[in-house]
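Heavy-atom basis, side chains included; hydrogens, waters and symmetry copies ignored. Chain identifiers are assigned alphabetically (A, B, ...) following the order of the sequence lines, protein sequences preceding nucleic acid strands; residue numbering begins at 1 within each chain.
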Amino acid sequence: MSVDPQALLAILAMAVATYLTRIAGLVVLRYVSLTPRVRAALDALPVAVLTAVVTPALFLTGPAETAAGLITIAAAFRLPLLATIVVGAVSIIAMRWLLG
Amino acid sequence: MAIAMPVGIAAIPIGAIFGALAVQKGLSPLEATLMSLLVFAGASQFVAIDIWQQPVPWLLLGVTALTVNLRHVMMSASIGRHFQHFGPVERWIYLFFLTDEVWAFCEKRAMRAPLYPAYFAGIAFVLVVSWSGWTAAGALLGAAMGSAERYGLDFVFTALFVGLLVGFWKGPRTGIVMGTSGVAAAIAHEAIAGPWYILIGGLAGTAAGALMLAPTRQQEQPS
C-alpha cells in the first residue's frame, strides 16, 4: 500500500480538472446567455468526446477488436448498459481466440 | 437513499473492473481508490489508466480528464437552473459529486418536484461509497487475478462507452457528429503520439454539431 508522489500529483491534477468542469456550467450560467449555436455545440459534445475515445480502440487496434466492437455496438442497441459490457467482454475473448 | 440503490448496484462491476485494471497498469490499490474518491468520474478514470505509464504523465492526465469530462460543463449549467434550495456555498460542494448518474437522477426529479439538497446528497452518497469501495475491492482482488486480457476486462471500458454512446443517439445528426469525431480521432491517433486524439476528435465533432444548427431549434429556443 503506497502512494507514489507522481501518481498522487496525477490524481490531484485529474481531480482539479474534473471539479473545474463540474462548476464551470454554473459559472457560465451566471455570465453568459447561451446562444442556440453554443447550445447545439454543447449538445454534440458528449457524443463527440465519447466517439473520439472509442474509435481507435475499436478500429485501429486489430481485427479481433474490430469484430468484437461491431458485436458490442449491435448489443448496445438492444441491451441495457451492464449487459452490453458483458457482451463486449465475452465477444473480445471469443474473437481473440478465433482471430488472434 | 432507497431510490439511489440501482446506481449503487450498477457501480459494483464497473468499480471492481476499474480497480482490477488500475492495479494491472501499475497503480497501487490505495492510488486507485484515491482516484475514485477524488476524481469520481468513471469515463475519465478508465481513459487515464489506459494511458497510464512510468513516469506518470501528470499534466497530460489532467488535460485528458478535463477533455473527457467537458460534458460536465453542460450538466452543471443544466442542473444549476434547479438550485434554488441550495445555499450559496453548498452548491459548490454538491457540484463536486456531479456525475452522469447523479445528474440524470436529479434532472428527472426536478421535472416533477423541487430539487432539494437531501435528494442530491442521497444519490451522491450511495454512488461515491459504492464506486470507491468497489474500486478498492477490485484492486485488491485484481492483483491476484493475472492478465486483464485473459478475462476480456481490457475491452470493458470500450464496451461501456459504446453502450453510453448508443444512449445519446437522437437521429442522423448524431451520426454526423460521430462520423466527424471518429474520422478526426482516427487521423489524429495515427499522426500524433499520446491521447490528443480525444481532444481533436471531440472538438471536430462538437464543431460539426454547432454547424448543423437546425432552423427549427432556433425558433424553439430564442436567446
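When all heavy atoms of Leu115(B) and Ala110(B) are compared, the pair lying nearest together is CB-CB, 4.5 Å. Taking every heavy atom of both residues into account, Ile200(B) and Ala188(B) meet most closely at CD1-CB, 3.8 Å. Met14(A) and Leu61(B) get closest at one heavy-atom pair: CG-O, 3.6 Å. Phe86(B) and Arg91(B) get closest at one heavy-atom pair: O-NH2, 3.0 Å. Counting all heavy atoms, side chain and backbone alike, Ala124(B) lies closest to Phe97(B) at CB-CB, 3.7 Å.
Chain B forms the most heavy-atom pairs under 4.5 Å with one residue out of Asp4(A), Thr72(A), Val16(A), Ile11(A), and that residue is Ile11(A). Between chain A and the residues Gly201(B), Ser76(B), Gly209(B), the largest count of heavy-atom pairs under 4.5 Å involves Ser76(B). Taking Ile73(A), Ile85(A), Leu26(A) one by one and counting their heavy-atom pairs under 4.5 Å with chain B, the maximum is reached by Leu26(A). Interface remark: of the candidates Ala10(A), Ala57(A), Ala13(A), Pro56(A), Pro56(A) forms the most heavy-atom pairs closer than 4.5 Å to chain B. Comparing Ala208(B), Ala185(B), Ala210(B) by how many heavy-atom pairs each has under 4.5 Å with chain A, the most go to Ala210(B). For the set Val86(A), Leu58(A), Thr51(A), the entry with the most heavy-atom pairs within less than 4.5 Å of chain B is Thr51(A). Of the residues considered (Pro80(A), Ser91(A), Ala48(A), Ala83(A)), Ala48(A) shows the highest number of contacts with chain B, using heavy-atom pairs under 4.5 Å. The greatest number of non-hydrogen atom pairs below 4.5 Å with chain B, out of Ala68(A), Ala44(A), Ala52(A), is found for Ala52(A). Put simply, of Val183(B), Leu70(B), Thr180(B), Ile14(B), the one with the most heavy-atom pairs under 4.5 Å next to chain A is Leu70(B).
Heavy atoms closer than 4.5 Å to chain B are found in both the backbone and the side chain of Leu50(A). When heavy atoms are compared at a cutoff of 4.5 Å, Thr84(A) approaches chain B by way of both its backbone and its side chain. Contact annotation for Thr67(B): only backbone heavy atoms (N, CA, C, O) come within less than 4.5 Å of a heavy atom of chain A. Residue Ile176(B) does not touch chain A at all, counting heavy-atom pairs closer than 4.5 Å. When heavy atoms are compared at a cutoff of 4.5 Å, Tyr19(A) approaches chain B solely by way of its side chain, counted from C-beta outward. With a 4.5 angstrom heavy-atom cutoff, Leu12(A) touches chain B only via side-chain atoms. Contact of Ala75(A) with chain B is not made at all, since no heavy-atom distance falls under 4.5 Å. Residue Trp52(B) touches chain A through its side chain alone, counting heavy-atom pairs closer than 4.5 Å.
Atom CD1 of Ile79(B) sits about 7.0 Å away from atom CZ of Phe120(B), to the nearest 0.5 Å.
The main-chain N or O of Leu165(B) is never found under 3.5 Å from a side-chain atom of Trp169(B) such that the two would form a donor-acceptor pair. In this structure a side-chain-to-backbone donor-acceptor pair under 3.5 Å is missing from Ser181(B) to Met178(B). In this structure a side-chain-to-backbone donor-acceptor pair under 3.5 Å is missing from Arg22(A) to His72(B).
Under the salt bridge (charged side-chain N to carboxylate O under 4.0 Å, His left out) criterion, Asp100(B) pairs with Arg71(B), not counting sequence neighbours.
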Pair up each side-chain donor or acceptor in residues 32-42 of chain B with any protein partner under 3.5 Å, not counting sequence neighbours, and list the distances.
unit_1	atom_1	unit_2	atom_2	d
Thr33(B)	OG1	Pro29(B)	O	2.8
Ser36(B)	OG	Gln45(B)	NE2	3.1
Ser36(B)	OG	Trp131(B)	NE1	3.3
Ser36(B)	OG	Thr135(B)	OG1	2.7

